[in-house]
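Everything on this sheet refers to the single structure shown next.
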Amino acid sequence: MKKLIIKYMAIGLILFTAFACEDFLTETNPNMMSTDSFWKTLDDTEMGLNAVYNSFKNGSVMRTSDEYNRSDMTWPGWGRPNTTNSYYLQTFTNASDGPNSKWDALYKGIFRANQVIEALTALEGTGVDEERWTEQMGQAKFFRGLFYFYLHSSFNNGSVLIYDFVPQDEADFYQTVRPADEVRAFFTADLEYAHQNLPGKWEARDLGRVTAGSAAAVLGKSYLYAEEYAKAAEYFKDVIENPDYGYALADHIGDNFTTQNELNSESILEIVYSLNYKAEESVWAEENTSSTLNFTVSPVGGWRSIYPSCWLIMAYKNDAMDVNDPRNYVTDQDGNSRLRTYNLRTSYSIALVDDVDMQYYGVITAEGANFNNKETAYWRKHSNWDICENEKDISQATPRSGVNYRVIRLADVYLMYAEALIQGGAGGDVEEALKFVNRVRHRSALQLLGMDGTGEFPGADHDDVTYDAQSLMHHLMYVERPLELSAEGHAIRTIDMRRWGITHQRFQELSQLHYHTEHYPFVDSKGENRTRWGSILIEGEKDANDLVDYVQAAQNYNEAAHAYWPIPNSETTTNPEIN
């Protein structure tokens, strides 16, 4: 990390001469801008803040593929039934690229945030615009707090290094690991400052900047992770009800997954990507204006590096629709009305070969991708299936995408609030929790939970089940959160499983389930009869070719070694303060 922080002491195209080894090197290079001539105005600190936002775009901050391969949500790419993916197999170590890259990306963001915080502190009381100063400080502290929250919830049981200053010499980089409680107190203070000082909304030209609502959502999540349910509920209620934020579920679930309707009313924290980039900019740069997740998930021009796991596919297929909701009815080619093949949330989250109601890259889903080698579903999320015929159409030369990455959205907050209500007292407030779960389900025209004729949507179809705290929590854990939030956010499923204490048990249970496949015949756009072989997933045993997930994970998972990322060897081998 020390080497990488030194490497990235440059912000954008501005180079700083921080320190020198020889006397003749202490003279200022007239072709460079030094710290003596920079950080003098709020325009300078704004440029530094832009660099902090760019750090957030670094794909290693989220490390989506690796984080979700550690959970029960994915199969790691083509080649069933064999894989060497160390995250899926639970064989990763402190030398693995995942923890090393994530650690470096987060501390680089912290370094940049600290530069802005120090510069703003020096400018305080010098006659600068106080409102602008406060907004910049709120954003810088938000990101420092967010990056530390990610470190705390990802590495070494929460015990990591704390930098609240900009290192000036080599010795400054050698910090000791701080206790998890101290790290939590540190990032909580930063996020509280952001919550109290950031605006609830920005003007249209500044959409995508972090807000007081963003800080409230992260604080609520941090308290939920700490099992302080009353405090978590307090922040979630602020997010839900505060008119200064104005959050509301997007009308259509699909508005949260593609370039369509980005930064919508449901967006609380979102990484903004764009295809407007400089030709010389490397797609493999550690922070980039565009994303490569489209190539990670897509089988059409992409690498199809992660698929939905078998249990998740079946859960999507079996999630019941509200038969009373007209959104679930389509008109067939003969003019007859019928129920959709799959519900809206399923259809917009994953691509299934027999989903005849959805196109996929400009044609019917079965024609849009090969669905071979027992590849029975792909994620639509993060891909450009709705606007092109092939991901390479987006950028012929390099794998790029302008799909924003949704980190926290209101549906996530609704479900976390429901959990906090369930867990928050003797028996929990099940009725109120059920209301927020059903709001999420109703948005996608899904069958609602509870007795018919009850709740906010009495005319909707309900499952006619009476829920208590235990059964509703079970639904949240194994249906609602994984299906609503699959492959989104910051390691949501991995952390959820860990904090619920179900990771090893989950791998063991799933390793006992068998699945097989059946062929799917269809007529393509040219009127030709075709078949996708082994493309429909069926639960149950059939023969020696059955699909079985997580066998090795069940054997290899060790909570002490795998629940958190270890401190990476890039740090342990260079920092003498770490034992």
Side-chain angles (χ1 to χ4, degrees), residues 64-92 96 98 296-297 299 303-319 346 349-353 369-381 474 477-483 485-488 491-498 500-518 532-559 561-563:
T64 303
S65 293
D66 296 345
E67 289 286 14
Y68 277 99
N69 279 332
R70 293 173 64 203
S71 76
D72 64 352
M73 195 160 276
T74 62
W75 170 263
W78 58 273
R80 277 189 177 277
N82 300 310
T83 183
T84 59
N85 187 283
S86 62
Y87 310 109
Y88 177 87
L89 298 174
Q90 306 295 321
T91 58
F92 59 85
S96 298
T296 299
V297 300
W303 310 312
R304 65 193 200 282
S305 301
I306 54 172
Y307 311 136
S309 58
C310 288
W311 82 267
L312 185 65
I313 295 169
M314 295 306 302
Y316 270 125
K317 292 173 70 170
N318 294 330
D319 202 15
T346 293
S349 296
I350 64 174
L352 294 162
V353 68
N370 287 333
F371 289 97
N372 57 11
N373 295 324
K374 298 184 178 181
E375 297 173 9
T376 61
Y378 309 104
W379 263 293
R380 289 181 188 264
K381 292 182 180 183
H474 186 276
M477 292 165 63
Y478 297 106
V479 179
E480 213 61 48
R481 284 189 65 78
L483 297 193
L485 304 167
S486 67
E488 294 183 48
I492 291 175
R493 184 62 176 171
T494 305
I495 295 173
D496 279 355
M497 290 170 61
R498 183 188 70 211
W500 293 329
I502 65 170
T503 306
H504 193 204
Q505 170 192 340
R506 185 68 172 153
F507 291 148
Q508 289 178 321
E509 291 172 349
L510 294 177
S511 70
Q512 303 301 310
L513 300 180
H514 286 239
Y515 305 86
H516 61 275
T517 60
E518 293 182 357
R532 293 300 188 200
W533 306 99
S535 58
I536 295 182
L537 188 68
I538 307 294
E539 187 170 355
E541 294 187 47
K542 184 178 181 181
D543 54 36
N545 295 315
D546 285 352
L547 298 177
V548 183
D549 288 341
Y550 302 108
V551 174
Q552 298 94 332
Q555 296 170 353
N556 297 334
Y557 181 80
N558 179 286
E559 185 173 356
H562 303 124

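Side-chain contact of S486 with K381: a donor-acceptor pair under 3.5 Å is present, judged by distance alone. Side-chain contact annotation: Q508 with Q512, donor-acceptor N/O pair under 3.5 Å absent. No side-chain donor from either of S305 and W303 sits under 3.5 Å from a side-chain acceptor of the other.
Annotation: side chain to side chain donor-acceptor pair (under 3.5 Å) contacts involving residues 535-547, sequence neighbours excluded, comprise H514-D546. Here side chain to side chain donor-acceptor pair (under 3.5 Å) pairs that include residues 77-89, with residues two or more places apart or in two chains, are R80-D549.
Under the 3.5 Å distance criterion, the side-chain polar atoms of Y378 are matched with a main-chain donor or acceptor of F371.
The shortest distance between side-chain heavy atoms of W75 and T376 does not fall below 4.5 Å. In this structure, the side chains of L510 and D72 come closer than 4.5 Å at one or more pairs of heavy atoms. With a 4.5 Å cut-off on side-chain heavy atoms, R506 and M497 count as touching.
Residues passing the ring pair (Phe, Tyr, Trp, His ring centres under 6.0 Å) test with H516, sequence neighbours excluded: none. In terms of the salt bridge (Lys or Arg N to Asp or Glu O under 4.0 Å) criterion, residue partners of R304 (sequence neighbours excluded) are, by chain and number, E375. Annotation: side chain to side chain donor-acceptor pair (under 3.5 Å) contacts of E559 (sequence neighbours excluded): none. Applying the side chain to side chain donor-acceptor pair (under 3.5 Å) criterion to S349, with sequence neighbours excluded, gives no partner residue.
Between W379 and P308, the shortest heavy-atom distance links the atoms CZ3-N, 3.4 Å. For the residue pair Y515 and L537, the shortest heavy atom distance occurs at CB-CD1, 3.6 Å. A pairwise comparison of heavy atoms in G534 and T517 identifies CA-OG1, 3.4 Å as the closest pair.
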